[in-house]
Asker: 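Here's a structure for you.
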Amino acid sequence: VIRCRAAVAWAPGKPLSVEEVEVAPPKAGEVRIKIVATGICHSDDHILKGSLPNVEFPVIPGHEGAGIVESIGQGVTSVKPGDKVIPLCLPQCGECSFCQNPQSNFCQKSHFSEPQNLLPDKTSRFSCKGKQIHHFLWVSTFSEYTVVPEYAVAKIDAAAPLDKVCLFGCGFSTGYGAAINTAKVKPGSTCAVFGLGGVGLSVVMGCKTAGASRIIAVDINKDKFAKAKELGATDCINPRDFKKPIQEVITEMTGQGVDYSFEAIGHADTMIAALASCNMNTGVCVMVGVLDSKISIDPTLLLTGRTWKGTMLGGWKMRECMPKLVSSYLEKKFNSDLLITHTLPFAEVNEGFELLRAGKSIRTILLF
Ligand code: COD
Ligand code: ZN
């Protein structure tokens, strides 16, 4: 058993508390990882507020981490102690019908299929003050050591800087893949991206890489516009600067609406606005944000031919694609470092969340 620091969410609505926790050794088929760096994603804030379904407290959040294998359980063959790895919040067992389908990046043997924030054997490797602490998406990267199933671990290049590629665990992969894999943005096309956080800005990067000729970035915080332009946005608009709905503004700007629109905020009204902003017949709208409520739409929006899609971690088969994404990063095919605005010691995790809530950060990296 290892004793180390972790940020525990004891109850919804409370700040995280940095505690000493016990981390049990990996069981058969599991890997214990020393987390070196972890990003703060808006979804972690959703958990703290208690607004994500199926999350039981107390829990150790965090799902955008990178680290080094500390020890392995019986039967583990794909990684060994000392390997650099990224824990995956979407695993890839390689055997289920989804994993075998080249079109799919889902895995049936995941916590999404059977909502529970314990490991697959329905137990936890974490305890604190005599209490069992829940895992989050199996990965719980706000802990200096974490235990995950082998099929939720991707081995990456030994040259990868962990304080940078940790973003591939969620934000960067989700946004970049939403454009490249889910929407399959074509060269010369027009795009609109709603929400310019770490995820939305990664969508902008994906649209740019795919060769979009026009990328309209939408946010109510104009402080996000400079970064969006740097990453490839051609137009930046604030819905609050217009009297008419933003979908009408975008439709006028482009003639028939954009070819591809993306929602990376997680609000019902912006999901509908994003849908209505794409071409009524051939437009594709990708929903990236999660919503904790229901949404009602005018079916005519779809009847005219639009496609409305969702994306899970940007459509990547995480375990096989992660090493390739890291290699592309090392070859400088994209610069995800531009998303990192702050780096803080792990003890300042709550300050990191304050920066996110205040709209002052894109990504804060916490270092152990
Ligand atoms: N109109 C325009 N922009 C808005 C509005 C609005 N009404 N409200 C907020 N915004 C902007 C904010 O100013 C901010 O710039 C941006 O939207 C949101 O950015 P962040 O930094 O707060 O959030 P991200 O980028 O870290 O995450 C956003 C998600 C929506 C992706 C996230 O919250 C989420 O729902 N994640 C779950 C979806 C998913 O696929 N997750 C994968 C595992 S987490
Ligand atoms: Zn996330």
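Residues: numbered from 1 along the sequence shown. Just so you know, ligand 1 is whichever comes first in the structure, and atom 1 is the first atom listed for that ligand.
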Asker: Does NZ or CZ of Lys164 lie under 6.0 Å from the centre of the six-membered ring of Tyr329, at an angle within 45° of the ring axis?
Answerer: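 The answer is no, since Lys164 fails at least one limit relative to Tyr329.
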
Asker: Report yes or no: does a heavy atom of Arg357 sit under 4.0 Å from some atom of ligand 1?
Answerer: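 It does not, in that no heavy atom of Arg357 comes within the 4.0 Å cut-off of ligand 1.
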
Asker: Evaluate Val199 for polar contact with ligand 1, using N/O atom pairs at a separation under 3.5 Å.
Answerer: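 There is such a contact, yes.
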
Asker: What angle, in degrees and rounded to 10°, do you get at the Zn ion (ligand 2) when you join it to SG of Cys170 and to NE2 of His63?
Answerer: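 It is 110°, given to the nearest 10°.
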
Asker: Between Thr270 and ligand 1, find which residue part has any heavy-atom pair under 4.0 Å and reply side chain, backbone, both or neither.
Answerer: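 Near ligand 1, Thr270 shows its side chain, while the N, CA, C and O stay back.
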
Asker: Tell me, please: is Cys89 in heavy-atom contact with ligand 1, that is, under 4.0 Å?
Answerer: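 Flag not set, Cys89 not near ligand 1.
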
Asker: Is the Zn ion (ligand 2) less than 2.8 Å from at least one N/O/S atom of Cys41?
Answerer: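 Coordinating: yes.
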
Asker: For ligand 1, is there an N or O atom under 3.5 Å from any N or O atom of His63?
Answerer: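 Between His63 and ligand 1, no N or O pair is found under 3.5 Å apart.
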
Asker: Can you figure out which of Ala228, Gly359, Ser361, Gly195 has its heavy atom closest to atom 17 (O) of ligand 1?
Answerer: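 Looking at heavy atoms only, the winner is Gly195.
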
Asker: Less than 4.0 Å is my threshold; does some heavy atom of Arg363 fall inside it relative to ligand 1?
Answerer: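 Checking ligand 1 against Arg363, which is what was asked, there is a heavy-atom contact under 4.0 Å.
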
Asker: Could you check whether any heavy atom of His46 sits closer than 4.0 Å to an atom of ligand 1, since that is the contact criterion I want to use?
Answerer: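 Right, His46 reaches ligand 1.
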
Asker: Indicate the ring-plane relationship of Phe106 and Phe112, choosing parallel, tilted or perpendicular according to the 30° and 60° boundaries.
Answerer: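 Taking Phe112 first and then Phe106, their aromatic rings sit tilted (interplane angle of 30° to 60°).
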
Asker: Of the listed options (Gly198, Gly266, Ala264, Gly314), which comes nearest to atom 29 (C) of ligand 1 when hydrogens are ignored and any heavy atom counts?
Answerer: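 Closest candidate by heavy-atom distance is Ala264.
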
